[in-house]
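Chain letters run A, B, ... following the sequence lines, proteins first, then strands; residues in each count from 1. Worth knowing before you read on, the calculation uses all heavy atoms, side chains too, and leaves out hydrogens, waters and symmetry mates.
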2 protein chains.
Amino acid sequence: MVSGMSASAEASSTPPPTDRRSRRRLETIEEILDIAQDIMTEDGVNALTLSEVARRLGVQPPSLYKYFDSLLAVYDALFERGQRIHYEALQRAAQGAAPGLPALHAMLDASGRWCLANSPIAQLLFSRPVPGFEPTEASLEPSVAMVQLQRDALADAVEHGQLGPGAASDEAVWFLSIFIIGSLSQAIANEPDLPWGTGRFTPLLPRLVDLLVALYPPAG
Amino acid sequence: MVSGMSASAEASSTPPPTDRRSRRRLETIEEILDIAQDIMTEDGVNALTLSEVARRLGVQPPSLYKYFDSLLAVYDALFERGQRIHYEALQRAAQGAAPGLPALHAMLDASGRWCLANSPIAQLLFSRPVPGFEPTEASLEPSVAMVQLQRDALADAVEHGQLGPGAASDEAVWFLSIFIIGSLSQAIANEPDLPWGTGRFTPLLPRLVDLLVALYPPAG
DNA sequence: GTCTATATTATGATAGAC
DNA sequence: GTCTATCATAATATAGAC
């Protein structure tokens, strides 16, 4: 029944085609996803329905099935797109900072900002709020890359003597993820409308770097 | 429309009545909540419907309205009950251990075990997965008490010289909550079927105590 | 406090004309 | 690729008999 995501797979794995019809098609797909995200932002992750998307797109519900096989396929496409954009944000942040702790700090900052600005997508990525929805393997791919990104930053920090050798470990990566998810969960659940850097939780996220230093003290 | 939770309020604020009819009524309410929790455990927090509850209870859907005003009222009762039971578990854990860090450790352990064993309820408590559901003020009450419990344990630890004075602060409480929620979110989302203490995330929760020590080093 | 009957509304999805 | 028409299903909730 969950037939996958032919449409969104097209959107992600195929390079942008020059063909005008295909381009128009991809635009529509993006528009559908944008509307879906709007709905989730307004009324919650589980409030997404194809009927409402059709309503806002100014189209009849059956038309949407030309772009997505099912409602779950839309969720999957949202998951995939979110995962990808989030990853790219992290990557940009890491590249724009010095290797090691500064890169790590920049990544935390970028991650926090993005997730808070796209909280329903973040919920989709980091918890399982939709009955029956499980991301496909393809959608999970960037997640693996993201872990690698963090692992690299940790290894860099160790190499630069900013963290002790224990930080180049799976454990440290899990610590990182726990802290990111925890502060974001708290912020989204309890202070959804506060901007990044304010409130009780998001200001603590950058301090995770201090925490890592405390946990894995550098040799010197 | 969301008229509150007359039924569940009865269940929590009234001391157990000796009257047989009332007792039977409370039993039914508890049974409804148990069934609701089962459904959420099997199919997700958002899979809860009154029809399914009625089906399993062997009763027609309208009958349920004698006990709860609406579906959201059931969610609220689940929230309230979960909050209360979780709190009592923490309290017991704290009382069964030496004051300060041991109590803190015991609380983390108890919290983790309970949340993992009641993950849909935990999701209800710590995120907002149900469109339209906001816990009533009364339901949030134990949450305040829980924060106080943690604050007390931190203060004890400071008093016993196990943590530096900075640990007797709101910040430390938020750190605690972030770490608890984070590790549980990760465990529930990624390793829902692994028992407590196994997997990548739950073994890290007890180490939060070390983290606190690193963050707020005692004077000596 | 339980039931039947029903109102109301909504959903996901398919068939087939254009 | 859009539409109309429709299927099939399900939900919350209320009215009123017993």
Item to check | N-O pairing of A:Glu52 and A:Arg56 below 4.0 Å | outcome: yes
Checklist entry - Please give, in whole Å, the distance from C:dA17 P to A:Gln60 CD? => result 19 Å
Checklist outcome for this item: Side-chain atoms of A:Lys66 come closest, of D:dG1, D:dC3, C:dG12, to D:dG1
Next on the checklist: On the nucleotide D:dT12, are OP1 or OP2 found under 4.0 Å from the side-chain N or O atoms that B:Ser70 carries?
Outcome noted: no
Item to check | Separation of atom CG in A:Asp19 from atom C1' in D:dG1, rounded to whole Å | outcome: 15 Å
Item to check | Options C:dG1, D:dT2, D:dA11, nucleotide nearest the side-chain atoms of B:Arg25 | outcome: C:dG1
Next on the checklist: Checking contacts here: which listed nucleotide (C:dC3, D:dC3, C:dA13) is nearest the side-chain heavy atoms of A:Leu71?
Outcome noted: C:dA13
Item to check | Separation of C:dT11 P from A:Phe68 CZ (nearest whole Å) | outcome: 18 Å
Item to check | B:Tyr67 vs C:dT2: side-chain N/O to OP1/OP2 distance below 4.0 Å | outcome: yes
Next on the checklist: Nearest to the side chain of B:Leu50, heavy atoms from C-beta on, is which of D:dG1, C:dG12, D:dT12?
Outcome noted: D:dT12
Checklist entry - Out of C:dT4, D:dA11, C:dT2, which nucleotide sits closest to the side chain of B:Pro62? => result C:dT4
Checklist entry - Taking CG from A:Leu64 and P from D:dG1, how many angstroms apart are they, rounded to a whole number? => result 13 Å
Item to check | Closest to the A:Thr49 side chain, choosing from C:dT14, C:dT11, C:dG1 | outcome: C:dT11
Checklist entry - Under 6.0 Å between the ring centres of A:Phe175 and B:Phe179? => result yes
Checklist entry - Which is true for B:Pro61 with a 4.0 Å heavy-atom rule: it touches a base, it touches only sugar-phosphate, or it touches nothing? => result nothing
Checklist entry - When you check the phosphate oxygens OP1 and OP2 of C:dT2, does a side-chain N or O of B:Arg24 lie under 4.0 Å from one of them? => result no
Next on the checklist: Tell me whether the count of non-hydrogen atoms from other residues, nucleotides or ligands lying under 6.0 Å of CD in B:Glu27 goes above 12.
Outcome noted: yes
Next on the checklist: So for atom CD, which belongs to B:Glu141, do other residues, nucleotides or ligands contribute more than 12 heavy atoms lying within a distance under 6.0 Å?
Outcome noted: no
Item to check | For atom CG of A:Leu57 and atom P of D:dG1, their distance in whole Å | outcome: 13 Å
Item to check | Partner of B:Val53 under side chain to side chain contact (heavy atoms under 4.5 Å, CB included), chosen from B:Leu48, B:Asp34, B:Leu33 | outcome: B:Leu48
Checklist entry - Can you tell me if the side-chain N/O atoms of B:Ser63 get under 4.0 Å from OP1 or OP2 in C:dC3? => result yes
Next on the checklist: With a 4.0 Å limit, can you tell me whether A:Ser51 has a side-chain N or O closer than that to the phosphate oxygens OP1/OP2 of C:dG12?
Outcome noted: yes
